[in-house]
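Both backbone and side-chain heavy atoms feed into the values below; hydrogens, waters and symmetry mates do not. Source: prediction; values computed, not measured.
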Amino acid sequence: MTSAVSASPPREFSLDIEGMSCASCVTRVEKALRAVPGVADASVNLATERATAHAGAGVDAGQLAAAVEKAGYHVKAGHVELDISGMTCASCSGRVEKVLRKLPGVSGVSVNLATERASVDTLGAVPLSTLIAAVEKAGYQARPHQPAGAAPARAKTALPSWWPVALAAALSLPLALPMLLMPFGQVPELPPLWQWLLATPVQFWLGWRFYRAGWGALRARSGNMDLLVALGTSADYGLSLYLWLAAPPMEGHEMAAPHLYFESSAVVITLVLLGKWLETRAKRKTADAIAALNALRPDRARVRREGQEAEVALAEVRVGDLVVLRAGERVPVDGVVREGRSHLDEAMLTGESRPQARQPGDKVAAGAINAEGVLLVETTAIGGETVLARIVRMVEQAQAAKAPIQQLVDKVSAVFVPVVLLLSLVTLAGWGLYAGDWTQAVLNAVAVLVIACPCALGLATPTAIMAGTGVAARHGILIKDAQALEIAHRINVIAFDKTGTLTVGRPRLTDLLAADEDGQARLLALSAALQAGSEHPLARAVTDAAATRADLPRLQAGELRSVAGRGIEGVVDGLAYGLGSGRWMQELGAQSPALAARARELEQQGRTLSWLARKDAGGNGARILGLLAFGDEIKPGAAQAVRTLRDLGIASIMLTGDNRGAAQQVAQQLGIDDFRAEVLPADKARAIEQLRRSDGAPAVVAMVGDGINDAPALAAADVGIAMSTGTDVAMQAAGITLMHGDPGLAADAIDVSRRTYAKIRQNLFWAFIYNLVGIPLAAFGLLNPMLAGAAMAFSSVSVVGNALLLSRWRPRALSTSKER
């Protein structure tokens, strides 16, 4: 062990340990850490709950954490987000990942070129300054990530962002003009001195960024796009300078005017600057979803305190404060309506275009717009805890994450630049040694360097993911991670929970059967009188149904008394009535053969039954007046969702804990391919595993649910899809959240995943094709440096532009709901 450690300088790891309670715990953890091969020493402080270990380069934080976990304790994990500047291509992001992953305590790193952000997972205490220093040593700049919209507005500069491109173009145009006008006749070139004066500021002032970044790559013993551009244009510039100065003097002691290549170096730099500017603008558009969501946050709120209203900064609002919301204003906080009635426009939050009614007791979310009326809202969440803030975080995390396919791109990019440099040297040697034309050799080698920029390769996947997750978020589909987005395109089986997912999750009165033909209205009126004031779901279904009937007599019930496990009884107009279960009716001696057969049919359909009976005056018996049946209402978009899934070639299955009759009824109405009833929460997860190992090829299964009982199945599925109308536990277990309760959005989530993955494949195809075709053309002298620079710039812009076409995607579910 000693020799292994001495082979490389020991590194210090700091781990925060949870679960230690005494000195023996300290001893056990120290022993576990020292047992890890490569660890020279370890010490644990019980007071600070921190372990310090010194180990060689072959030891990583994961090994130490595993040893602590095996000893029965837990290592606190951390997460840091860094904004990285200076990256220009996939090899840059790969190098930043490499230097961060080498740091003691870092367990995982993901660097996204499109968002210019590094996500760092740590085990234990890794100082932020250490992370930033490592990035800067690699030649880039880093700072703690500021969420979109949180950064202070930058002061406006006197010059627009495009001024370097415009100035470079103005200086390069006179150099390139003779070549551009050549098809229309011979145009004399500028004198060498003028060419040098125009090309030099482009090369060393406007193009200085390429030298700076390229030097950083060399210091880190790596390569990137900037190094390729700097080497290529410098070779062009140097060759031109040499040809100019080495030219023999003409008569009159004037120097000859040989053909120079200053225009190649200047135009290449101009085209690369143009491509980077267009690329930056396009990448900015892919973050429109974040900007739009952050724009929903009001800066101030009107608060009522001690009877007085005052407008305060949003940061001063506290949980429990009463916020006054006037017509046309945005909701500044999450809360519950205490006074007033109105409609809220939640389109940017849920994708639902129709305003939603709100009354006392209903929840409201920050960012929604109050359509009319005044609402008094009690604050329940502020700042980062609001639904809007959580949505923003989810979208940011999804856009910063890497899809599994990106791993292939990273591996290619790691060796791409060294291979290109080698190909360039081979081209130089081939043309110089065998063709004897060193001028052409330099030009062809430069063209190889320029055309081979790996920018398009690095942008192919992240820009498509950003565009896909962004457009999905605008329409109420929140994709939490890139892995869910990528896997979703392969889904061929989707399992639905029933209650709250395919159905409303709230019982309604489906059937009203009176013993007398003319007694329906009185049956409902009596039932509503007995249920008035009750918060039981069945009671609310009765009162809601009664509220829609203008022809009902309004009756008042007195002496109301709940009968445990049976129902409720009371007196209306001097007569005693009972409303409750069939078992209670049997105990009261009340029977109705005429309704018994229909009652059995309703029970087989999964309906819940309540009977209304009038008690005899002496309390010796009762007479059945009618039957009330309750069922869960199917969501309006559920049937269309199943049809859409069938059109996409996806089988649908329903998993529910309800009885078989209720499950069969819903399955038949919706056209579900298969269903499983009376399934316990734990059995749902097992059912998902069985579906994944079904006959033939393994299935890729998605689970759609909304309740706590669905969380195990959501986690077990290849992709979990949660309804935001359900519980937080379900949303945390799922990779995709549907902000609107329409199950049709599940099909739309799969659709946007398929389209996004198609864009990723298209982008990778074009990125590889540019290089596979361009490099041989350049090497064989069929592509001059200027055309190579234009092709390289166009490749990056075209990849980003192709990804932006996803912004035209529209969900089918919401268009269908609008038609309804």
- Task: Kindly give the heavy-atom pair with the smallest separation between Ala134 and Val99, and that separation in Å.
- Result: O-CG2, 3.9 Å
- Task: Could you pull out all residues at least two apart from Glu136 that satisfy side chain to side chain donor-acceptor pair (under 3.5 Å)?
- Result: none
- Query: Stepwise, does the side chain to side chain contact (heavy atoms under 4.5 Å, CB included) test hold for Asp718 with Arg490?
  - Reply: CA-CA 10 Å; Asp718 293 290; Arg490 296 188 286 114; over 6 Å; no
- Item | Within 6.0 angstrom of Trp163 CH2, more than 12 heavy atoms from elsewhere | yes
- Task: Please tell me if the side chains of Phe496 and Leu645 come closer than 4.5 Å, counting only heavy atoms from C-beta onward.
- Result: yes
- Query: Are side-chain heavy atoms of Val704 and Pro743 found at a separation under 4.5 Å?
  - Reply: no
- Gln203 and Phe210, any side-chain heavy atoms less than 4.5 Å apart: no
- Does Asp751 come within less than 4.0 Å of Arg755, counting only side-chain N to carboxylate O? yes
- Query: Can you tell if the side chain of Val700 reaches within under 4.5 Å of the side chain of Val493, non-hydrogen atoms only?
  - Reply: no
- Kindly give the heavy-atom pair with the smallest separation between Thr501 and Gly705, and that separation in Å. OG1-CA, 3.6 Å
- Distance from Leu423 atom CG to Ile775 atom CD1, nearest 0.5 Å? 6.0 Å
- Query: Do you know which two heavy atoms are closest between Val331 and Ala365, and how far apart they sit?
  - Reply: CB-O, 3.5 Å
- Query: At what distance, to the nearest 0.5 angstrom, does CD1 of Ile491 lie from CG of Leu648?
  - Reply: 10.5 Å
- Item | Counterpart residues, side chain to side chain donor-acceptor pair (under 3.5 Å), relative to Asn802 (two or more places apart) | Lys759, Gln762, Asn763
- Message: To check you understand the geometry: which heavy-atom pair defines the closest contact between Ile760 and Ala464, and what is its length?
- Response: CG1-CB, 3.6 Å
- Query: Who are the side chain to side chain donor-acceptor pair (under 3.5 Å) partners of Asp334, not counting sequence neighbours?
  - Reply: none
- Query: Quick one: does Glu116's side chain get under 4.5 Å of Ser85's, heavy atoms only?
  - Reply: no
- Query: Could you give the distance from CG (Leu478) to CD1 (Ile736), rounded to the nearest 0.5 Å?
  - Reply: 10.0 Å
- Specify the closest pair of heavy atoms between Gly468 and Leu806, including all atoms of both residues, with the distance to one decimal. N-CD1, 3.8 Å
- Item | Chi angles and distances behind the side chain to side chain contact (heavy atoms under 4.5 Å, CB included) call for His475, Trp809 | CA-CA 10 Å; His475 295 289; Trp809 177 83; 4.1 Å; yes
- Message: So, taking the atom named CD1 in Ile369 and the one named CG in Leu344, what distance separates them when rounded to the nearest 0.5 Å?
- Response: 9.5 Å
- Message: If you apply the rule side chain to side chain contact (heavy atoms under 4.5 Å, CB included), what do you find for Ile494 with Ile750, and how did you get there?
- Response: CA-CA 10 Å; Ile494 188 164; Ile750 297 172; 4.2 Å; yes
- Query: So do the side chains of Pro144 and Ile132 get within less than 4.5 Å of each other, counting heavy atoms only?
  - Reply: yes
- Message: Working to the nearest 0.5 angstrom, can you tell me the gap between Met87 CE and Gln141 CD?
- Response: 10.5 Å
- Query: Please walk me through it: do Ser807 and Arg474 pass side chain to side chain contact (heavy atoms under 4.5 Å, CB included)?
  - Reply: CA-CA 10 Å; Ser807 61; Arg474 285 200 297 272; 3.8 Å; yes
- Message: Minimum heavy-atom separation for Gly476 and Leu745, please, with both atom names.
- Response: O-CD1, 4.2 Å
- Separation between OG (Ser119) and NE2 (His79), nearest 0.5 Å, reads 4.5 Å
- For Val752, does its backbone N or O pair with a side-chain atom of Thr756 as donor and acceptor, under 3.5 Å? yes
- Message: Main chain of Pro298, side chain of Arg330: is a donor-acceptor contact present, judged purely on distance under 3.5 Å?
- Response: no
